[in-house]
Amino acid sequence: MTRLYYLFAMLLAMFLWGCEDDLPIDTEPDLELISGFPEGFEAGSKSSYEAATLVLGSGAWLLDNALIGTSANDLKNDVKSVRIKEQGDLTMLFDVNVPIEKVSLDVGVYGTDGTVSYEIWFSSDAGNTWETLSGPLTTDAIQLTPLELNTTIPAGEVRFQIRNTSFTPNRRLNVDDFSVYTTTGSTGNNNTGRDNNLGLGNPSNAISDIISENNYLMTLPQYSMSYNRSTATANWVSWHLNNAWLGDTPRQDDFRANPDLPSGWYQVHEYSYSGSGFDRGHLCPSADRDGSVEDNSATFLMTNMVPQAPQQNQQIWRLLEEYCRTLAAAGNELYIVSGPRGSGGMGSNGGVSQTVDGGKVRVPSAVWKAIVVLPNGSNDLARINTSTRVIAVDIPNTQGVGNDSWGDYRISVDELEDLTGFDFFNLLPLDVQQAIESQVDDLPVGG
DNA sequence: CTGCCATCC
DNA sequence: GGATGGCAG
């Protein structure tokens, strides 16, 4: 009898659950405007169509063949809107990291320009690849007109872009009050998420084309780098660090050649440094990527290694790496770029070596690092300002510096740019770059 | 893969 | 001692 009762109760429960499941959805899910939106474009000024970055209330935006319109002919809410001319576009340079349910904006035609063709695009990988959200659209509105697009974009490194696809000259589009909505209860800001490893810029404009063999861009989920075929090391490795990357995965120690190098290029292999007196020194450290086996293993590709004097690598350099992780564990996120420079180091075999691996791998004379530190949060590009902390070091690749403090090797990013020829953090507004790159960090750092 | 070394907190 | 950086056989 008891058993029959349970059976009945279960059937009843399934029936009720089934009913509930079949109830028609008579209300659309509650939407929540993402922090920073609507973007009304009131915070910026730009009077030329030339491509440039603007930091606005929501974050940084790229206006290419577009400007901030303030004239009587600009359709606008309040006093400013974006004016995009034919073949121009407006692009978010920051990520939203929650599921997107809806996008809305106000659009119209500038002055008496004729019908404008435009499209809305989005990226789920921080702007690396784009797909259309809207399909081709047109407007001939002479007043700002709301456009709403319902969508379902999963949480990711999501950005949006508005393109004026008109070809005819003087078909200018006004855009204002751009809004992005997520479902209520989504975690909201990406406070502790993983951000773009190249979020502050590509220091040497590296590209993934074999024509650029000494400045060859390679992008992994764990870090990005510019590889140099002739030195057989990276020019730089760039990565984001915060507690979202940190875990307790054991060190994998699976040093190996990078199979993703273009065919025909020499692949530095596991034993290329053996007996040389130099460590296989990580640029992106193993312990910065121990959230999973895959993440940690990625740091052991030989393209992430540089021949480093053991006492430099295992002592002073290691202490700087640990200091960075301490900052991350304390609730900061860091953008780090690191690489070798120069030629000729002194390892444990004594004397100065220019190369290892039978001349195939260049030994740097110094290893450098540039670090931007900011509290965990979202819209990083917009939050970095003239008082954001930046640490840059340049440490000789030699035995004997091991007992020194890395703090004594701090220099300004400007000096580091002179030494390396790279342009660091170039997605930041110029005035911010000038402020933070001219200073030498002088906070007490111990060690 | 295991064992081992070194340094630093 | 434990973590982190490695090495050699």
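Numbers restart at 1 for each chain; the letters A, B, ... are given by sequence-line order, proteins then strands.
- Between A:F300 and A:F255, the ring planes are perpendicular. Angles over 60° get that label, and only those under 30° would be called parallel.
- Whole-Å rounding puts the A:N403 CG to B:dA6 C1' distance at 12 Å.
- Each side chain to side chain donor-acceptor pair (under 3.5 Å) pair with one or both residues in residues 336-351 of chain A, not counting sequence neighbours, appears once here: A:R341-A:D394, A:S343-A:Q354.
- Under 4.0 Å is where a charged nitrogen must lie from a carboxylate oxygen, and between A:R194 and A:D295 at least one such pair does.
- Taking the charged nitrogens against the carboxylate oxygens, A:D288 and A:R325 do have a contact shorter than 4.0 Å, which makes a salt bridge.
- A 6.0 Å sphere centred on CD1 of A:I211 holds no more than 12 heavy atoms belonging to other residues, nucleotides or ligands.
- Counted within 6.0 Å of CD on A:E270, heavy atoms from surrounding residues, nucleotides or ligands total more than 12; the atom is thus considered enclosed.
- Between A:W265 and A:Y227, the ring planes lie parallel to each other; the angle is under 30°, not in the 30° to 60° tilted range.
- When the P atom of B:dC9 is taken as reference, atom CG of A:L320 falls 13 Å away, rounded to whole Å.
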Annotated protein contacts, base or backbone, on nucleotides 3-9 of chain C with a non-hydrogen cut-off under 4.0 Å, one of B, S, - each: BBBBSS-

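- Applying a 4.0 Å cut-off to non-hydrogen atoms, none of the residues of residues 231-241 of chain A approaches DNA chain C.
- The 12-atom threshold is not exceeded at OH of A:Y271, counting heavy atoms of other residues, nucleotides or ligands nearer than 6.0 Å.
- Rounded to an integer number of Å, the gap from CH2 of A:W406 to P of B:dC9 is 12 Å.
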